**Student:** 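Quick one: structure below, then a few questions.
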Amino acid sequence: AQSVTQPDIHITVSEGASLELRCNYSYGATPYLFWYVQSPGQGLQLLLKYFSGDTLVQGIKGFEAEFKRSQSSFNLRKPSVHWSDAAEYFCAVGEVTGGGNKLTFGTGTQLKVEL
Amino acid sequence: DGGITQSPKYLFRKEGQNVTLSCEQNLNHDAMYWYRQDPGQGLRLIYYSQIVNDFQKGDIAEGYSVSREKKESFPLTVTSAQKNPTAFYLCASSLVNEQFFGPGTRLTVL
């Protein structure tokens, strides 16, 4: 069965500092990988996704992630964090089944940004 | 505007009552999903449907039921058999690989 581990429950960074959120996955085949962001009381917004090809993926809001097969990782990065980036971030691995896909989510990382 | 709507945003029910959460999408997506979110546990899949009149159990289907009579709609019923129904419920839809999420319904059982 597929699984996702986000080892950091909470992370605090200063505004303008760089950010890296860790994600490790377990999946038998080539994974489909996603990062979502959630503001309090809201739904999830897709930041970026990896299906195949270039292992460095660019997303919205200045985020990027790198797929490393040898480490089973898909870490999310941002060179300079803005106060508006404070939110909860979820990594997910997808299993394609017929007309849709099933996602398995990590437990999330809560990001706090200090001004 | 295309998107996913969930209603109501907040829902309060007495223990032992069934309650139905609404999810509608106008994205013309074939697949729809229901997730439950609890603090510190991420999202867990309750049910999903890939086509009309067909649906499958997810990882935590006990105490829940769904129907898919129309492509646009995928309502979730939280039954009295669900032991701990207070949670944030998220609906999603997808065409192929990418899931789009609704704004969620927060259910509180008193």
Side-chain angles (χ1 to χ4, degrees), chain A residues 1-11 21-27 29-53 57 59-60 87-110, chain B residues 3-10 23 25 27-61 68 71 74 87-108:
Chain A
Q2 57 205 45
S3 65
V4 176
T5 302
Q6 293 181 249
D8 303 307
I9 298 173
H10 296 100
I11 284 185
L21 302 182
R22 295 183 290 165
C23 172
N24 292 95
Y25 68 89
S26 173
Y27 187 65
T30 300
Y32 296 119
L33 294 162
F34 305 83
W35 274 100
Y36 285 88
V37 61
Q38 184 182 36
S39 297
Q42 302 297 317
L44 274 67
Q45 180 183 22
L46 181 69
L47 285 176
L48 47 78
K49 59 192 175 190
Y50 172 79
F51 292 162
S52 65
V57 181
I60 62 171
E88 189 157 23
Y89 292 80
F90 292 94
C91 181
V93 60
E95 172 190 359
V96 177
T97 58
N101 64 35
K102 291 176 61 178
L103 293 181
T104 298
F105 285 85
T107 52
T109 297
Q110 187 73 46
Chain B
I4 302 172
T5 57
Q6 292 187 243
S7 61
K9 188 170 178 65
Y10 299 96
C23 177
Q25 56 99 359
L27 300 168
N28 200 32
H29 287 172
D30 291 316
M32 297 186 73
Y33 311 80
W34 273 105
Y35 293 91
R36 171 182 171 137
Q37 185 177 21
D38 297 281
Q41 296 194 45
L43 280 73
R44 293 179 289 167
L45 183 64
I46 304 173
Y47 269 97
Y48 65 103
S49 168
Q50 296 178 347
I51 56 172
V52 174
N53 292 323
D54 186 47
F55 47 83
Q56 289 78 39
K57 293 181 178 180
D59 301 318
I60 56 164
R68 187 84 187 277
K71 187 175 185 178
F74 191 40
F88 190 52
Y89 291 87
L90 286 158
C91 178
S93 69
S94 72
L95 192 56
V96 181
N97 294 324
E98 180 179 332
Q99 289 188 22
F100 296 83
F101 284 81
T105 292
R106 184 164 299 281
L107 172 65
T108 302

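Atom set for the values below is all heavy atoms of this structure, side chains included, hydrogens, waters and symmetry mates excluded. Note on naming: letters A, B, ... go to the chains in the order of the sequence lines (proteins, then strands), and numbering restarts at 1 for each one. Because the structure is predicted, anything quoted here is derived from the model rather than measured.
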**Student:** Is it the side chain or the backbone of A:Gln38 that comes within 4.5 Å of chain B heavy atoms, both, or neither?
**Tutor:** side chain
**Student:** Could you grab the distance from atom CD of B:Gln50 to atom NZ of A:Lys102, nearest 0.5 Å is fine?
**Tutor:** 9.5 Å
**Student:** Decide if atom CD1 of A:Ile9 counts as having more than 12 heavy atoms of other residues, nucleotides or ligands within a radius under 6.0 Å.
**Tutor:** no
**Student:** Given a strict heavy-atom distance threshold of 4.5 Å, which part of B:Gln56 is in contact with chain A: side chain, backbone, both, or neither?
**Tutor:** neither
**Student:** Taking the side chain as every heavy atom from C-beta outward, state whether A:Leu103 and B:Tyr35 have any pair of such atoms under 4.5 Å apart.
**Tutor:** yes
**Student:** Between B:Leu45 and chain A, which part of the residue has a heavy atom less than 4.5 Å away: side chain, backbone, both or neither?
**Tutor:** side chain
**Student:** Can you tell me which portion of B:Gln41 sits under 4.5 Å from chain A's heavy atoms? Options are side chain, backbone, both or neither.
**Tutor:** backbone
**Student:** Side chains of residues 100-108 of chain B: which donor-acceptor pairs under 3.5 Å do they make with residues two or more places apart or in other chains?
**Tutor:**
| from | atom 1 | to | atom 2 | distance (Å) |
| --- | --- | --- | --- | --- |
| B:Thr105 | OG1 | B:Pro8 | O | 2.6 |

**Student:** Can you tell me how far apart CZ (A:Phe105) and CD (B:Gln37) are? Round to the nearest 0.5 Å.
**Tutor:** 9.0 Å
**Student:** Mind checking side chain to side chain donor-acceptor pair (under 3.5 Å) for B:Ser49 and listing every partner two or more places apart, or none if nothing turns up?
**Tutor:** B:Arg68
**Student:** What distance separates A:Leu44 CG from B:Leu43 CG, expressed to the nearest 0.5 Å?
**Tutor:** 5.5 Å
